[in-house]
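Remarks on the structure that follows.
Proteins come first, then strands; the chains are lettered A, B, ... in the order of their sequence lines, and each starts at number 1.
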Amino acid sequence: MRSIKQYACLGGFCLGMFFLLCSTTGMAQSASLKSSIEKGKTVYVQRCMVCHQQDGGGVPHLNPPLDGASAVKGKDKSKLISILLKGMSDRVEIDGEYYSNNMASHADLSDQQIADVLNYIRNNWSNKVPTPVTPAEVKSVRAKTK
Amino acid sequence: MLRFSVLLLAGCLLASQSQANDTLQHRKSAAIMPDADNAGLKLPTGFSALKVAENVGRARHLVVNSQGDVYVKLSGKVGDKGILVMRDLNNDGRTEEITGFGNYGGTGIAIHNGYLYASSDEEVFRYKLNAKGAVETPYQPEKIITGLINRRQHESKSITLDKNGNIYVNIGAYSNSCQVKDRQPGSLGMNPCPILDSAGGIWQFKSDVLNQTYGNGVRFATGLRNVVGLDWNNQTNSLYVTQHGRDQLNSLFPQFYDTTTNANLPAETMYEMKQGDNAGWPYVYYDPFQNKKMLAPEYGGDGKTEGSAAYKNPAMAFPAHMAPNALLFYTGSMFPEKYKNGAFIAFHGSWNRAPLPQEGYYVAFVPFENGKPTGKWEIFANGFAGVDVITSTRAAQHRPCGLAQGPDGSLYVSDDNKGTIYRILFNGN
């Protein structure tokens, strides 16, 4: 017969392992998000910065801001992925304003690059969205976009 | 929202209205005190400035009538008003009363032969002015031009008029460089560019005929991507325009251009356009360092290959991307002699130079001698942005957009970011 103490010890060990595992997973995830954000910056500088500017502020009435934008910070990742894949040329109201310039499609970027640049714009300037965009999600939206 | 609080102030000043209706003698600029800080502007010696009004809305172009009343065309309406009428009731040079009419946003506004002309992004209207320069029937305009293309991009319809009963309207190209897919990296140009049939140029219409559209007008000049600033030069009796050059050479064709070349190319350009002239957009762009018209990369160019020499040469070239939004030939007598018949240009300020700092956000002066630009230009009024280095367009507090000459010869500048109307005076010797 094992003593209660032994059970408690085992329980404690298991619980400890559980928390360790959780926090390791958490760390692994945040490290991968961090790496994605870093890679996303390179894509941003090459593809996005000219119109949306270094500070994500956009250009008044021409190119919409990304900093603080509800669509960028929102839960609907599919919509955001779709904008990158298809571009945007419709006259639509964005957070109360209209913008004149067309946005090109960036479908030539890889699933990983699109996930990276979205993680960058969702976690830069005043934007802080811990839920990452994954290449699998981009792949899924891309499949439906065609 | 428009600060109609000025109307309350206006009520207090009604007593002085009869005085305001007097002749121009009472409006002598000598009596006007400039702002202590010259409205935040840096100006040449002898010049001063004041803010006529603030927060009026997105003030695009503006014009001043013979009584000194300022008409401002708003890009977005404030309430149901797309044209503001600003009056100085106590001769302090500033606005005490703002009223308005014109239930449409737009950019263009002009006064010519007893009419006020104003444009939406699709149409041009005119309003008869009475002897005091006031619009008596603001809600019954005559629609003189209709059905002009507006596909979001470069939608402003700027206007000017000549001495022979014609009005000139800019119809901007709804594209950056006529690519098959607009602003798509690597996408080639459509050849011939189909946009040029209905946009990308200046159209001429009659200034007194109702309901004209493309079939009634003449494509006066073509190959102009987007002209926001244009003015009829009465000395040369010809049309001058300022073009917004193309964007994004490096992001669309990174194999030929880097961020620095994109920041510096192509030039913003001023042209004297005669009927039938072609400035070459989208096939060529102007390189101010080589002084050459270069073949656009969408049409086989690589940054080194020249385009056709047949296209019009610019009368003046300016640094890239600064967005010349207004052009005004100065004919007043308030400013020193060197300014007479020269051109003021309001540069709205760039966005396409990133990651390099943005440029422009000032009013420039281009001296003319014997009807030709001397080849030099200078910054005339600076400091609108309120910051020295602009890394992102939104950092600029004010952006010059419109220019007008007052009856006393003072120069008005509108700002379409925060809606400040500036007035620049010369009181030196």
From CA spacing to verdict: ring pair (Phe, Tyr, Trp, His ring centres under 6.0 Å), A:Y120, A:Y44
CA-CA 8 Å; A:Y120 176 75; A:Y44 185 81; 5.3 Å; yes
Could you go through B:R183 and B:D247, starting from their C-alpha distance and side-chain angles, then the distance that decides it, and tell me whether this counts as salt bridge (Lys or Arg N to Asp or Glu O under 4.0 Å)?
CA-CA 9 Å; B:R183 299 182 190 266; B:D247 304 324; 3.0 Å; yes
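With a 4.5 Å cut-off on non-hydrogen atoms, A:H52 does not touch chain B at all. Heavy-atom distances place the backbone of A:Y99, and not its side chain, under 4.5 Å from chain B. Neither the backbone nor the side chain of B:R353 has a heavy atom closer than 4.5 Å to any heavy atom of chain A. Contacts between B:E155 and chain A at a heavy-atom distance below 4.5 Å involve the side chain alone, from C-beta outward. Neither the backbone nor the side chain of B:Q179 comes within less than 4.5 Å of any heavy atom in chain A.
Residue A:K75 qualifies as open at atom NZ: its count of foreign heavy atoms under 6.0 Å is 12 or below. At most 12 non-hydrogen atoms from other residues, nucleotides or ligands lie less than 6.0 angstrom from NZ of A:K86.
Screening B:D416, B:L403, B:V228, B:L74 for a side-chain contact (heavy atoms from CB on, under 4.5 Å) involving B:H61 leaves a single residue, B:V228. The one candidate from B:E298, B:Q153, B:R225 that meets the side-chain hydrogen bond (donor to acceptor under 3.5 Å, both in side chains) condition with B:N176 is B:R225.
Each of A:Q46, A:M49, A:R47 has some count of heavy-atom pairs under 4.5 Å with chain B, and the biggest count is that of A:M49. Taking B:R394, B:Q358, B:K181, B:H154 one by one and counting their heavy-atom pairs under 4.5 Å with chain A, the maximum is reached by B:R394.
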